[in-house]
**Q** 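For reference, the structure I am asking about is given below.
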Amino acid sequence: TINGGNDVRTAALVTVTHDGSGNIPVIDLNSTNTGSGDIIDIDVTGVLTGDVIDINFPSAASTGDALKIDMGTNVTGAALYAISAGARTDSLVELLDASTGTAPVLNVATTGIYTGNLVSLACNTAAATGHVIAIDTDTNLAGNALYIDAGAKTRTGVLILIKDDGAGNVSALEIDVTNTGSGDTIDIDVDSVHTGNEISVTYATDAATGDALALTMGTNLAGSAITLNGTGIRTDDLVKIDDDSTTNSPIFDINVTGNATGTAVFDVAFGATPTDMGLIKF
């Protein structure tokens, strides 16, 4: 039992100088206790401004881990468990990295047949308004904010899955672009013999009323709403419409309400003399 004396101390209560070369611990705790008491219990009841535990490596030659936890057969307890309450003004977990190496700041790797989530985030109150994940690349102009590698294997699950089952009138995915460059907002490059669709929209119920694709050009007067470029000897239609509906609504409906001054609603120009090709075929 150590009593600090309830006075202004100028020296540490316990000082251990470990300057030998033996491969032994400084403090060795072997617990065979079967009770529920903590092995090390730290209760801070005063207005502490220092760190509860401070680990510092003043030499870059050190290779050991600052904190190593081997859970072994403890499969029901957490390796690190943090509880927070109250109006916090600082991060619950904070990582500040000023290194210049290539190693990850946070590395999660599993080698077992894991069926749970590697990272699970849940907001269990509807009053929360903060972002679940907020990424600000700031001055990192050459790195990706999110990089996903499928692993070049035969996948049975999708890479990104969004389950939008709420009732709010908000988008499942929203992109706000203020960039003035010439890069594409969404860029899909297919460099393999891919037989699936690049974008597939399927409605499982006819009660849906929203458009599958709605384009509002607004003040974009110089760009086309849709541009299709086909090259090579094609074996399928560049644009195909297969309609199996029984309604009386038009398959293709064009309404020009403005004071159009263009040459035509449809403009078809052939760069070469077509061979056995009609303009419209019924």
Side-chain angles (χ1 to χ4, degrees), residues 29-42 51-53 55 63-97 99 101-138 140 143-168 170-175 186 188 192 194-205:
L29 297 177
N30 295 303
S31 176
T32 58
N33 180 274
T34 57
S36 61
D38 301 323
I39 296 178
I40 297 178
D41 185 8
I42 301 175
D51 301 321
V52 177
I53 297 177
I55 300 175
T63 59
D65 299 321
L67 180 63
K68 180 179 179 180
I69 302 175
D70 187 352
M71 297 300 293
T73 57
N74 185 355
V75 295
T76 59
L80 182 61
Y81 183 62
I83 301 175
S84 176
R88 293 192 54 81
T89 58
D90 198 2
S91 305
L92 183 60
V93 177
E94 186 171 346
L95 301 175
L96 300 176
D97 182 48
S99 64
T102 59
V105 178
L106 180 62
N107 185 22
V108 179
T110 176
T111 57
I113 302 176
Y114 200 71
T115 58
N117 301 320
L118 291 183
V119 178
S120 180
L121 304 175
C123 295
N124 294 324
T125 171
T129 58
H131 304 301
V132 177
I133 297 179
I135 300 176
D136 187 356
T137 57
D138 202 9
N140 184 357
N144 303 114
L146 181 63
Y147 177 74
I148 300 176
D149 188 348
K153 300 292 189 302
T154 303
R155 296 191 53 82
T156 58
V158 298
L159 281 177
I160 299 177
L161 176 61
I162 299 176
K163 184 179 180 181
D164 186 26
D165 54 357
V170 294
S171 305
L173 178 63
E174 182 177 347
I175 301 176
I186 297 177
I188 300 176
S192 61
H194 189 234
T195 58
N197 300 321
E198 303 315 315
I199 296 177
S200 178
V201 180
T202 302
Y203 287 96
T205 171

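The figures here come from the full heavy-atom set of this structure, side chains too, leaving out hydrogens, waters and symmetry mates. Index from 1, following the sequence.
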**Q** Is there a donor-acceptor pair under 3.5 Å between the side chain of Asn197 and the backbone N or O of Ser200?
**A**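 No, because the side chain of Asn197 does not come within donor-acceptor range (under 3.5 Å) of the backbone of Ser200.
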
**Q** Step through the shown structure and confirm whether more than 12 heavy atoms of other residues, nucleotides or ligands are within 6.0 Å of CG on Asp41.
**A**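 Enclosed.
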
**Q** Give the minimum heavy-atom separation between Gly77 and Met71, together with the two atoms involved.
**A**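 Scanning both residues completely, I find the closest heavy atoms to be O-CE, 3.3 Å.
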
**Q** Mark yes or no for whether Asp51, through its side chain, and Ile53, through its backbone, hold a donor-acceptor pair below 3.5 Å.
**A**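 No, because the side chain of Asp51 does not come within donor-acceptor range (under 3.5 Å) of the backbone of Ile53.
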
**Q** Considering non-hydrogen atoms only, spot the tightest contact between Glu174 and Ser171 and give its length.
**A**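 The pair with the smallest heavy-atom distance is CB-CB, 4.3 Å.
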
**Q** Going by atom types alone, do Ser31 and Asn33 pair a side-chain donor with an acceptor below 3.5 Å?
**A**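 Per modelled atom types, Ser31 and Asn33 side chains form no pair under 3.5 Å.
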
**Q** With a cut-off of 6.0 Å (strictly less than), are more than 12 heavy atoms of other residues, nucleotides or ligands near CD1 of Ile69?
**A**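 Result for CD1/Ile69: enclosed.
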
**Q** Heavy-atom count around Ile135 CD1 within 6.0 Å, excluding the residue itself: above 12?
**A**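 It does: Ile135 CD1 has more than 12 such atoms within range.
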
**Q** Can you tell me how far CG of Leu146 sits from CD1 of Ile133, rounded to the nearest 0.5 angstrom?
**A**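 Reported to 0.5 Å precision, the distance equals 8.5 Å.
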
**Q** Please round to the nearest 0.5 Å and tell me the distance separating atom CG of Leu80 and atom CG of Leu67.
**A**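 One finds 8.0 Å between CG of Leu80 and CG of Leu67.
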
**Q** If only atom types and distance count, is the side chain of Asn117 paired as donor or acceptor with the main-chain N or O of Ser120 below 3.5 Å?
**A**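 No; zero donor-acceptor contacts below 3.5 Å.
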
**Q** What distance do Lys68 atom NZ and Asp70 atom CG have between them, rounded to the nearest 0.5 Å?
**A**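 Going from the NZ atom of Lys68 to the CG atom of Asp70 covers 6.5 Å.
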
**Q** Is it true that atom CD1 of Ile55 has more than 12 heavy atoms of other residues, nucleotides or ligands lying nearer than 6.0 Å?
**A**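 More than 12 heavy atoms, drawn from other residues, nucleotides or ligands, come within 6.0 Å of this atom.
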
**Q** Would you say the side chain of Leu29 lies within less than 4.5 Å of the side chain of Ile40, judging by non-hydrogen atoms?
**A**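 Yes, at least one pair of side-chain atoms sits under 4.5 Å.
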
